Amino acid sequence: MPKISEVNAIQVFDSRGIPTVSCKITLDNGISAFSMVPSGASTGSKEALELRDNEENYHGKGVLKAVSNINNKLAPLVLGKDPINQFEIDQILIDYDGTDDKSKIGANSILAISLAISQAAAKDQNIYLHEHFLNLYKNITGDSIKPSIPMPMFNILNGGEHADNNIDIQEFMIIPKGAKNFSEVMKWSSEIYHNLKNILQSSGFSSSVGDEGGFAPNLKTNEEAIKLILEAIESSNLKPGIDINIALDCAASEFFDGKNYILRSENKELSSSEFINYLEGLVNKYPISSIEDAIDENDIDGWKLITEKLGEKCQLVGDDLFVTNEKILIKGIHEKIANSILIKFNQVGTITETIQTIHCANNNKFESIISHRSGETEDTTIADLAVGLGVGQIKTGAPCRSERIAKYNRLLWIENESSNILLNE
Ligand code: PGA
Ligand code: ZN
């Protein structure tokens with residue numbers, strides 16, 4: 001039985017050049033594994049706490065306290081443990097913190113260890129990380145799951161908090177739902193992405209990119225973004241609605257002022273029901289099959305209304321709404337709001353709790369979508385997580401920028417090496 005013999009954390013940097021936590025776990029048989037923790041910009045208010053130093057250096061964003069928490073407080077708790085026991089180790093970390101939102105030790109400290117433990121366990125067993133996650137799902141929940149390659153939502157046009165342009169909706173995504181395998185998913189998305197770049201450039205728009213690799217032009221309306229994407233799909237000889245669907249992440253909390261939804265680009269102030277009519281108009285006109293955070297996280301009446309109106313024909317995803325938290329998800333299920341959940345492990349802080357939330361979604365016929373954060377690293381764990389937990393969908397940015405592409409490249413390798421694991425349709 002291998003034992004954890006060393007835990008060592010340092011401060012590294014994410015894709016925005018902002019400090020984040022990295023952890024190395026070493027076993028007594030010499031095996032070692034690394035993790036790096038991602039970070040959001042348009043965060044939900046109920047997310048687990050990301051501990052920052054709040055001191056002068058790094059504009060307050062240093063994570064040296066979180067690093068020190070790992071090296072000095074958490075390491076002694078996990079030394080000598082067998083990394084296969086993810087549940088037991090995560091529980092020790094959760095109990096030691098003792099708060100609901102991991103605010104004593106920081107979710108970034110706890111997650112860095114939790115991720116590195118799972119990497120070490122997979123390496124020690126000489127199995128793929130996705131195979132280890134498949135086993136963990138069974139061990140932690142008692143239920144079996146079928147692994148699959150997730151269908152991506154590629155965020156090819158960025159707005160909101162992730163870009164300097166005027167567009168209100170944060171993410172305009174394409175879903176290559178008609179592709180026969182993951183290689184074709186990548187071919188289509190890459191071609192559409194580059195056709196969109198050509199269209200933007202030839203129309204005099206900026207083709208510089210936002211935090212998640214999507215283009216970030218200034219446009220007159222949010223709808224114009226959809227029209228440009230449709231043009232790029234058609235110029236790739238693909239059919240909107242048949243080969244490719246469109247998904248939106250409104251991240252609506254970012255433009256809700258407590259009363260109205262303020263669309264700056266269009267000079268509109270819409271009440272909750274007016275904004276829902278606005279979205280319904282887009283869904284009726286375009287092949288939009290998924291909308292995330294359509295409504296502010298506290299506008300529960302708005303969520304009920306949009307779920308009644310669009311819940312049958314559209315995937316309505318709760319991100320800031322549920323923050324990967326099983327208790328908040330259960331409350332939402334009772335309130336009949338949304339029909340899907342975005343899964344970001346740093347919103348909750350451990351692999352175990354992430355698996356438990358996905359299990360809860362599965363039991364309640366909610367779809368899950370594994371997601372990156374806008375501040376990412378070269379860590380590709382979410383690709384294996386999506387495969388091993390059979391989650392079916394992944395959202396990890398544009399087919400551009402290495403911190404996004406790293407996850408898609410990992411999925412290409414999984415497809416190449418595991419011919420029995422098929423693309424989810
Ligand atoms: P974030 O954005 O990582 O900045 O929170 C991603 C999202 O809202 O889905
Ligand atoms: Zn979101």
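Reckoned from all heavy atoms, side chains included, excluding hydrogens, waters and symmetry mates. Counting starts at 1 for both ligands and their atoms, in listed order. Nothing here was measured: the structure is a model prediction, and the numbers come from that model.
Taking the six-membered ring where the residue is Trp, the centroids of F275 and F255 are separated by under 6.0 Å.
Atoms of ligand 1 lying under 4.0 Å from at least one heavy atom of A41, given by number and element, are 1 (P), 4 (O), 5 (O). Counting atoms of ligand 1 from 1 in the listed order, those under 4.0 Å from a heavy atom of G40 are 1 (P), 3 (O), 4 (O), 5 (O). Close approach of ligand 1 to L342 (heavy-atom distance below 4.0 Å) involves ligand atoms 9 (O). Remark: ligand 1 atoms within the under-4.0 Å shell around heavy atoms of D319 are 7 (C), 8 (O), 9 (O).
Residues R401 and E376 fail the side-chain proximity criterion, which asks for heavy atoms closer than 4.5 Å. The closest side-chain heavy-atom distance from M36 to V21 is not below 4.5 Å. Annotation: side chain of I341 is not in contact with side chain of I369 (no heavy-atom distance under 4.5 Å).
Note that K327 lies outside the cation-pi zone of F322, set by a 6.0 Å cut-off to the ring centre and a 45° limit from the axis.
Minimum-distance N/O/S atom of D319 relative to the Zn ion (ligand 2): OD2. Looking only at N/O/S atoms, E292 comes nearest to the Zn ion (ligand 2) through OE2.
Among the backbone and side-chain atoms of D249, an N/O/S atom is found under 2.8 Å from the Zn ion (ligand 2).
Of all the heavy atoms of D249, the ones lying under 4.0 Å from any atom of ligand 1 belong exclusively to the side chain. At a 4.0 Å heavy-atom cut-off, ligand 1 does not touch E161 at all. The proximity of D320 to ligand 1, defined as any non-hydrogen pair under 4.0 Å, does not occur for either the backbone or the side chain. Contacts with ligand 1 closer than 4.0 Å are made by heavy atoms of both the backbone and the side chain of S42.
Taking any N or O of S371, backbone or side chain, none lies under 3.5 Å from an N or O belonging to ligand 1. The shortest N or O to N or O distance between A251 and ligand 1 is not below 3.5 Å.
Ion pairing of K268 with E274 is absent here, as no side-chain N (NZ or NE/NH1/NH2) approaches a carboxylate O to less than 4.0 Å. Ion pairing between E234 and K239 fails under the 4.0 Å rule for side-chain N and carboxylate O. Here E191 pairs with K187 in a salt bridge; the nearest charged N to carboxylate O distance falls below 4.0 Å.
Looking only at protein heavy atoms, the nearest one to atom 8 (O) of ligand 1 is Q170 NE2, 2.9 Å. Ranking protein heavy atoms by distance to atom 7 (C) of ligand 1, first place goes to K344 NZ, 3.1 Å. At the top of the distance list for atom 2 (O) of ligand 1, counting protein heavy atoms only, stands H162 CE1, 3.1 Å. Of the protein's non-hydrogen atoms, the one nearest atom 3 (O) of ligand 1 is S374 N, 2.8 Å. Looking only at protein heavy atoms, the nearest one to atom 5 (O) of ligand 1 is R373 NH2, 2.7 Å. If you check which protein heavy atom lies closest to atom 9 (O) of ligand 1, you get K395 NZ, 2.6 Å.
A donor-acceptor pair under 3.5 Å links the side-chain atoms of N222 to the main chain of I169, judged by distance alone. A donor-acceptor pair is defined here as one N or O able to donate and one able to accept, closer than 3.5 Å; such a pair exists between the side chain of N339 and the backbone of C314.
Nearest approach of I370 to I358, heavy atoms of both residues: CD1-CD1, 4.1 Å.
Under the 4.0 angstrom criterion for non-hydrogen atoms, H372 is not in contact with ligand 1.
Ring geometry for H359 against Y137 counts as perpendicular: the plane angle is over 60°, on a 0 to 90° scale with 30° as the lower cut.
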